[in-house]
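Predicted model, so just to flag it, every value in this text is computed and none were measured. Chain naming here is simple, since letters A, B, ... match the order of the sequence lines and numbering starts at 1 in each.
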2 protein chains.
Amino acid sequence: MKQRITIRDVAKYSGVSSATVSYVLNGVDKVSTETKERVLDAIKKLNYQPDFTAISLSKKKSSILGVMIPLIGGSLSPLFKEDHYYTEFISGFEHVCRENGYDLLISGIENPEDCKNWVKKRNLDGLVFLGLFPKSLYEEMKTLQIPIVLIDIYGEYEKHFNSIKIADELGGYLATKHLTELGHRQIAFVGPPQKQSPVVSERYQGYKKALKEANIPLDKCSTFECDGNMESGYQIGEKILQSGKVFTGIVSNSDILAVGIISALQKNGIKVPENVSIVGFDDLAFSKYVSPALTTINQDILQKGEIAGQILIDAIENSSAKMEHVTMPVKLVRRDSTETLRK
Amino acid sequence: MKQRITIRDVAKYSGVSSATVSYVLNGVDKVSTETKERVLDAIKKLNYQPDFTAISLSKKKSSILGVMIPLIGGSLSPLFKEDHYYTEFISGFEHVCRENGYDLLISGIENPEDCKNWVKKRNLDGLVFLGLFPKSLYEEMKTLQIPIVLIDIYGEYEKHFNSIKIADELGGYLATKHLTELGHRQIAFVGPPQKQSPVVSERYQGYKKALKEANIPLDKCSTFECDGNMESGYQIGEKILQSGKVFTGIVSNSDILAVGIISALQKNGIKVPENVSIVGFDDLAFSKYVSPALTTINQDILQKGEIAGQILIDAIENSSAKMEHVTMPVKLVRRDSTETLRK
DNA sequence: TCACCTTATTTAACCGGTTAACTAGATATC
DNA sequence: GATATCTAGTTAACCGGTTAAATAAGGTGA
């Protein structure tokens with residue numbers, strides 16, 4: 001069995017103590033230039049690779065960041081499976097992690113205890129919460145001594161953690177205004193229950209605002225509640241048709257939902273955008289290529305992931321770092337799922 | 001600063017040595033029932049959580065499995081961002097990991113050295129390669145003493161590692177046969193270059209076989225090469241139109257490509273399936289909901305991830321485990337992107 | 001010349017577990 | 001009754017790093 005090259009091997013080879021090697025490795029300014037060179041030489045010659053496990057143990061710092069994703073039914077939320085949001089976010093996050101020597105651990109979390117234990121057992125240095133978790137979890141997290149970033153979370157817990165979100169209300173507003181400007185006056189809003197998700201609530205506020213500006217009474221429109229996945233969008237699409245009400249415009253809380261809705265409408269002979277215009281939200285990678293290409297509210301998810309990583313790493317390495325609350329911009333991207341109202 | 005509860009605290013509390021606690025924790029049959037109870041009681045009372053970092057160091061086993069994803073341009077492959085394949089796989093993989101007390105680390109890999117060092121520095125217990133890597137990487141991996149699972153890899157390296165793949169040739173055959181049975185005789189095959197990807201090559205073999213069975217000379221058809229992402233599919237869609245040749249059927253190497261192709265066709269006034277029938281490959285979560293819903297070759301990606309996890313964990317925990325080579329089934333799922341050839 | 005800093009380096013304890021080797025007492029074997 | 005084997009523990013070294021404290025050598029100032 002091939003033995004691992006340890007710091008002591010390097011020490012022996014270069015004729016110094018292991019402490020000196022460690023100092024060289026950590027850039028502690030205590031070592032003479034020649035010794036340093038000898039050590040670095042030995043490291044190269046022996047192809048020494050530090051063992052992060054040992055470093056973690058003694059420094060109590062793992063250089064690992066955790067990405068927490070809600071579990072539903074014991075499995076990563078169905079959303080994870082179908083929503084590019086997660087992968088785009090993780091791509092950005094991973095990039096920053098890698099560039100700074102951190103690794104990322106992904107885990108589904110079912111209850112607060114699990115999460116806390118997970119952090120403890122792995123000595124995680126930081127955490128990002130990707131998705132909506134029960135309140136008790138945030139409560140538990142307060143007692144954790146590591147930086148945490150909440151993504152897309154509103155409410156009381158913002159105070160206690162770093163947070164990144166987007167201009168959700170503006171997004172809802174822009175989406176709706178786009179439709180009113182195209183002449184639509186019967187506009188439905190589709191999304192998960194606002195009580196569950198403040199993000200939806202924010203977007204809904206924007207929706208209401210745009211309706212008001214266009215002098216459209218709220219009672220001419222309707223809100224449809226559903227889960228966040230495509231299947232749910234499909235079902236809500238059918239429900240809209242069965243509702244008896246006629247809508248010429250739909251504001252969807254996500255592209256994922258929009259795709260499901262469009263699928264249901266088209267299956268029932270309703271054409272998008274000829275009969276119904278629909279605006280999505282997120283501008284996922286695939287939204288440009290579905291048919292019709294989605295008009296949607298763009299957010300830079302990749303960058304969101306990068307910022308999350310930066311905030312965490314900054315907080316870890318720079319103890320004077322302040323709590324961060326970032327609100328990222330949104331913009332309307334016009335494609336083919338919306339058009340001027342036909343008389 | 002709150003101190004961590006260690007095994008020695010538990011030992012002191014229950015009046016035994018730390019070794020005894022360790023034995024209890026590891027189920028070593030050396031401890032009397034009463035002592036065991038006392039220890040377990042102390043663990044509960046003190047809310048002791050083992051430190052996996054320390055365990056990793058002494059056992060040289062981290063309980064962490066690595067998921068390696070190719071980097072392109074320093075960032076997780078663009079495919080990762082848009083292809084549900086990855087998330088579905090990871091969902092399955094994560095599930096098995098979690099149930100067995102493993103965590104998963106995700107990292108983009110640029111070159112073989114990185115990968116090897118990564119494994120060393122984190123003491124990873126096992127690895128899954130998700131995507132296509134340069135040959136030199138597999139070569140390097142041979143020297144690693146941990147179980148590895150290759151996903152969708154053909155060729156010489158199969159011998160040295162566990163592998164999971166699907167019946168690719170059959171898939172290509174079924175997709176093509178479906179089109180010939182619908183009366184199509186001008187059928188294009190679209191996918192990444194076969195030289196790069198043996199998976200594509202396999203599927204192409206199936207395609208050829210089906211054409212032959214239908215007495216369609218190969219030269220009436222064409223192969224189009226592209227990358228694996230949607231944008232690439234879109235471009236190839238336009239290229240097909242510009243090629244001057246007329247195809248009524250397209251076999252696409254993936255749903256991702258198919259969506260891009262359809263997008264391009266529709267933008268140019270070509271209707272799917274009225275003018276062109278197209279068969280995808282993978283049956284991703286969203287393929288049911290795009291318009292038209294994709295006829296495609298289904299594979300169970302979630303299960304693929306689960307099997308990958310099982311193979312790794314089995315190999316880690318059971319030293320007598322043999323090398324595994326799994327070929328998973330495929331089946332045609334008929335939806336709306338294909339129809340009988342119109343005269 | 002002596003006391004006092006600096007600087008470069010070593011020593012050794014520590015992080016929180018595991019585990020081989022040892023021990024003491026009880027039980028079995030001949 | 002002497003010896004071997006089991007059982008239920010303990011001791012202490014070890015995993016591979018870090019780091020506070022000790023040390024040795026050289027340089028300064030009075």
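Counting any heavy atom pair closer than 4.0 Å across all strands shown, B:F52 reaches no nucleic acid atom. Among the atoms of the strands shown, only primed sugar atoms or phosphate atoms (P, OP1, OP2) are found under 4.0 Å from some heavy atom of A:K59. Heavy atoms of B:V28 sit nowhere under 4.0 angstrom from any nucleic acid atom. Within the 4.0 angstrom heavy-atom criterion, base atoms lie near B:S22. Using a 4.0 Å heavy-atom distance criterion, B:S17 is classed as a base contact. In this structure, A:T35 reaches the sugar-phosphate backbone alone: every heavy-atom distance under 4.0 Å involves primed, P, OP1 or OP2 atoms, never a base. Across all strands, B:L57 comes closer than 4.0 Å to base atoms (heavy-atom distances).
Two residues, B:T20 and A:A54, neighbour DNA chain C, and the one matched to the more 5' nucleotide by heavy-atom proximity is A:A54. Residue order along DNA chain C, read from the 5' end via each residue's closest nucleotide, puts A:E34 first among A:E34 and B:I7.
Judged by distance alone, with hydrogens and angles left aside, the side-chain atoms of A:N117 form no donor-acceptor pair with the main-chain N or O of A:D114 at under 3.5 Å.
Counting distance only, with no hydrogens placed and no angle test, the side-chain atoms of A:R4 and the base atoms of D:dG16 include no donor-acceptor pair under 3.5 Å.
Taking the six-membered ring for Trp and thresholds of 30 and 60 degrees, B:H160 and B:Y157 have ring planes inclined between 30 and 60 degrees apart. Note: A:Y138 and A:F161 have tilted aromatic rings, judged against thresholds of 30 and 60 degrees for the angle between ring planes.
With salt bridges taken as basic N to acidic carboxylate O contacts below 4.0 Å, one links A:E94 and A:R98.
Side-chain nitrogen and oxygen atoms of B:Y48 include at least one within less than 4.0 Å of the OP1 or OP2 phosphate oxygen of C:dG17.
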